[in-house]
Amino acid sequence: TSYINIDIQTTHLQEDIQKSKEQFLEVQKENVFKQVHLMNDTISFHAKQSKKILKIKITERIETAYKVVQNIYAHHTKTDSLEEINREISATLSAISYNNTEDYIYVYDYKNHIMLAHGNPKFVGKDMRNFQDKHGVNILKSIEKLFEKNRIAYTTNYFIKPNNAIHEYPKLSAAIKFEPLQIAIGTGMYLDKVRENQQQFVLERFKHFSHEHNSYLFMLNIHNIEGGNDFATMILNSNRPDLLNQKISDSHIDTKGKAFRQEMLKKLREKGEGYVEYWYKKPGTLQSSRKLSYFYLQKEWNWIVGSGFYFDDLEKEIATLEKEMKLSIDDMIISSIMWTFILLLFIIPLAIIISVRIDKTIDRYAGSLLAQKNFLNSLLDLLPIPIFAKGIDGKYILINRAFEKLTGYEGKDILNKGVYDIAPRDIAKIYDDQDQRVFTLKEQLQVYQSQVVHKSNTTKNEVIFYKSPFLMTKNRLMV
């Protein structure tokens, strides 16, 4: 009983350790998931708020420009040609600019697909029907499609700046039709400056954010989601200030030789998020520890947001439980030894007395059983009818002398053997098939005729078999 108790106690403590592992992992995974998505929600909120504010501003600009166009058209429609009116409108709106000429108003002839006025002179007079931004979006076709259901068409696209013709920048644009002249008037605001200010605000807000179990937020600005030596820049990491504003490589490996950033990028490309286990420097130490991090691809700002936790606290908790288990088992062993010694003082004499009585009883019954067995064997041998018994495995366990005479086999040659050992195969198969019917209780009394071949193979006897199942302790016997 003591050993059973020790085993049960050990099993329970091992189960507690396993549960602690599972609970720790679930709780910590949920914590880092919430941390990352708190950051993501913050980014999404600021991005949406800025778009709302910018949308209000460009709506005011486009409505003002529309009124200017209406006014010019009203004053010149009776005296000037449509072409002259378009030139007047283009000249007037080209003179309007915002943010040091970075933002402007354009005029587009949507019937002939010609740009009439633009903040960048190289587009004036150009056929724009096939123009696309760096993401392959045909901006003007997108606007024309939006006009089908909207008075003002709002789009987010990429476009060069008047003072920078090399790079395209994200831009929130609005356009409106002036149908009498078959022109569209548009304006927009570049998002990069606004976004930079928002990003700096978010980074400052979460700069010192930390949580229990040494978890912290870290962020990467992606340059190439496919990876490479400079695939991203580290923009937030309170644990590794030495990496801030540094470009990082996906070929970097942890202390165990794992290229964990490649695994991270693979999961981000496939699902946009994922957990990755690796070894990393723990805050406040110079040592690497086992860590699990959750990564999320923030598509609005093209950032990787991550947070993780170290397994040290789990290992400490397990060590405590194992220590408790050892102490508990040691106490139980000592207690068991003491009680065992005490019980043995009483049990051993009692066991000796009982053992002597049992031996006498066994000897008495054994003698009786042996006498009964000998009597039964003698009785069977006196019968002139061949009699046999088989176990459920088909092997002979009893025969009488009449059966020996019929088959030519003595008991020592046939007992513990099967029908295939004493009869030709074709006849043995008949015996075996009939035996199986009795073994499966399909027949309570079986009668059939077959042949018995004498051991010498010189005599074949036609025999009628009678078989019936008898239930014993472990086997069903057939006689």
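Quick caveat, the model's predicted, so the values are computed rather than measured.
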Of all pairs that satisfy ring-ring contact (aromatic ring centres under 6.0 Å, His included), the ones with a partner from residues 51-72, not counting sequence neighbours:
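For residues 51-72, and leaving out neighbouring residues, the ring-ring contact (aromatic ring centres under 6.0 Å, His included) pairs sorted by first residue read Tyr66-Phe178.
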
Please, which pairs that meet ring-ring contact (aromatic ring centres under 6.0 Å, His included) have at least one residue in residues 90-109, sequence neighbours excluded?
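Applying ring-ring contact (aromatic ring centres under 6.0 Å, His included) to every pair that reaches into residues 90-109, excluding sequence neighbours, yields Tyr104-His118.
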
Is [X] reaching over with its side chain to a backbone N or O of [Y], donor-acceptor style, under 3.5 angstrom?
X: Ser94; Y: Ala91; answer: no
X: Tyr275; Y: Lys29; answer: yes
X: Gln198; Y: His46; answer: yes
X: Arg290; Y: Tyr310; answer: no
X: Asn164; Y: Ile166; answer: yes
X: Thr285; Y: Lys282; answer: yes
X: Tyr448; Y: Tyr431; answer: no
X: Asp421; Y: Gly418; answer: yes

Going by salt bridge (charged side-chain N to carboxylate O under 4.0 Å, His left out), name the residues that satisfy it together with [X], two or more places apart in sequence or in a different chain.
X: Glu83; result: Arg87
X: Asp433; result: Lys429
X: Lys177; result: none
X: Arg61; result: Asp103

For Ser249, enumerate each residue passing the side-chain contact (heavy atoms from CB on, under 4.5 Å) test, keeping only those at least two apart in sequence or located in another chain.
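side-chain contact (heavy atoms from CB on, under 4.5 Å) list for Ser249, sorted by chain: Asn229, Ser251.
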
For Thr255, check side-chain contact (heavy atoms from CB on, under 4.5 Å) against everything at least two apart and list the hits.
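For Thr255 the side-chain contact (heavy atoms from CB on, under 4.5 Å) partners, ignoring immediate neighbours, are Trp279, Ser288.
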
Heavy-atom closest contact ([X] atom, [Y] atom, distance):
X: Val68; Y: Thr92; answer: CG1-CG2, 3.9 Å
X: Leu220; Y: Ile235; answer: N-CG1, 4.1 Å
X: Leu217; Y: Gln35; answer: CD2-O, 4.0 Å
X: Phe147; Y: Ala175; answer: CE2-O, 3.4 Å
X: Ser293; Y: Gly308; answer: OG-CA, 3.5 Å
X: Ser50; Y: Val194; answer: CB-CG1, 3.9 Å

His75-Asn71 side chain donor-acceptor pair, cut-off 3.5 Å
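Yes, because at least one side-chain N or O of His75 sits under 3.5 Å from a partner of the opposite role on Asn71.
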
Take Val137 and Thr155, measure what side chain to side chain contact (heavy atoms under 4.5 Å, CB included) needs, and give me the verdict at the end.
CA-CA 11 Å; Val137 177; Thr155 60; over 6 Å; no

Going through the distances and angles, do Tyr190 and Phe159 end up as a ring-ring contact (aromatic ring centres under 6.0 Å, His included)?
CA-CA 9 Å; Tyr190 290 94; Phe159 208 82; 7.6 Å; no

Just verifying a value: how many Å separate Ile304 CD1 and Phe218 CZ, rounded to the nearest 0.5 Å?
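Between atom CD1 of Ile304 and atom CZ of Phe218 there are 9.5 Å.
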
Side chain to side chain donor-acceptor pair (under 3.5 Å): which pairs involve residues 297-306, sequence neighbours left out?
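Matches after skipping sequence neighbours: Asn40-Gln298, Ser44-Glu300, Gln298-Glu300.
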
Within residues 120-138 or reaching into it, pairs that qualify as side chain to side chain donor-acceptor pair (under 3.5 Å) - sequence neighbours excluded
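Every side chain to side chain donor-acceptor pair (under 3.5 Å) pair that includes a residue of residues 120-138, provided the two are not neighbours, is Asp127-Arg129.
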
With the side chain counted from C-beta on, respond yes when [X] and [Y] share a heavy-atom pair under 4.5 Å apart, and no when they do not.
X: Ile430; Y: Val419; value: no
X: Tyr294; Y: Ser307; value: no
X: Gln287; Y: Lys281; value: no
X: Phe131; Y: Leu140; value: no
X: Met219; Y: Leu203; value: yes
X: Met128; Y: Ile114; value: no

Can you classify the ring geometry of His37 versus Phe33 as parallel (below 30°), tilted (30 to 60°) or perpendicular (above 60°)?
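His37 vs Phe33 ring planes: tilted.
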
Salt bridge Glu277-Lys291, side-chain N to carboxylate O under 4.0 Å:
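No, Glu277 and Lys291 are not salt-bridged.
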
Residue that, paired with Ile96, satisfies side-chain contact (heavy atoms from CB on, under 4.5 Å) out of Ile105, Thr64, Thr187
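With Ile96 as partner, Ile105, Thr64, Thr187 yield a single side-chain contact (heavy atoms from CB on, under 4.5 Å), made by Ile105.
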
Which salt bridge (charged side-chain N to carboxylate O under 4.0 Å, His left out) pairs, counting each pair once, include a residue from residues 245-263, with sequence neighbours left out?
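Listed once each, the pairs are Lys258-Glu263, Glu263-Lys267.
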
Using the salt bridge (charged side-chain N to carboxylate O under 4.0 Å, His left out) rule, collect all pairs that involve residues 146-172, keeping only residues at least two apart or in two chains.
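Counting only pairs at least two positions apart or across chains, the salt bridge (charged side-chain N to carboxylate O under 4.0 Å, His left out) contacts touching residues 146-172 are Glu63-Arg151, Glu102-Lys161, Lys161-Asp192.
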
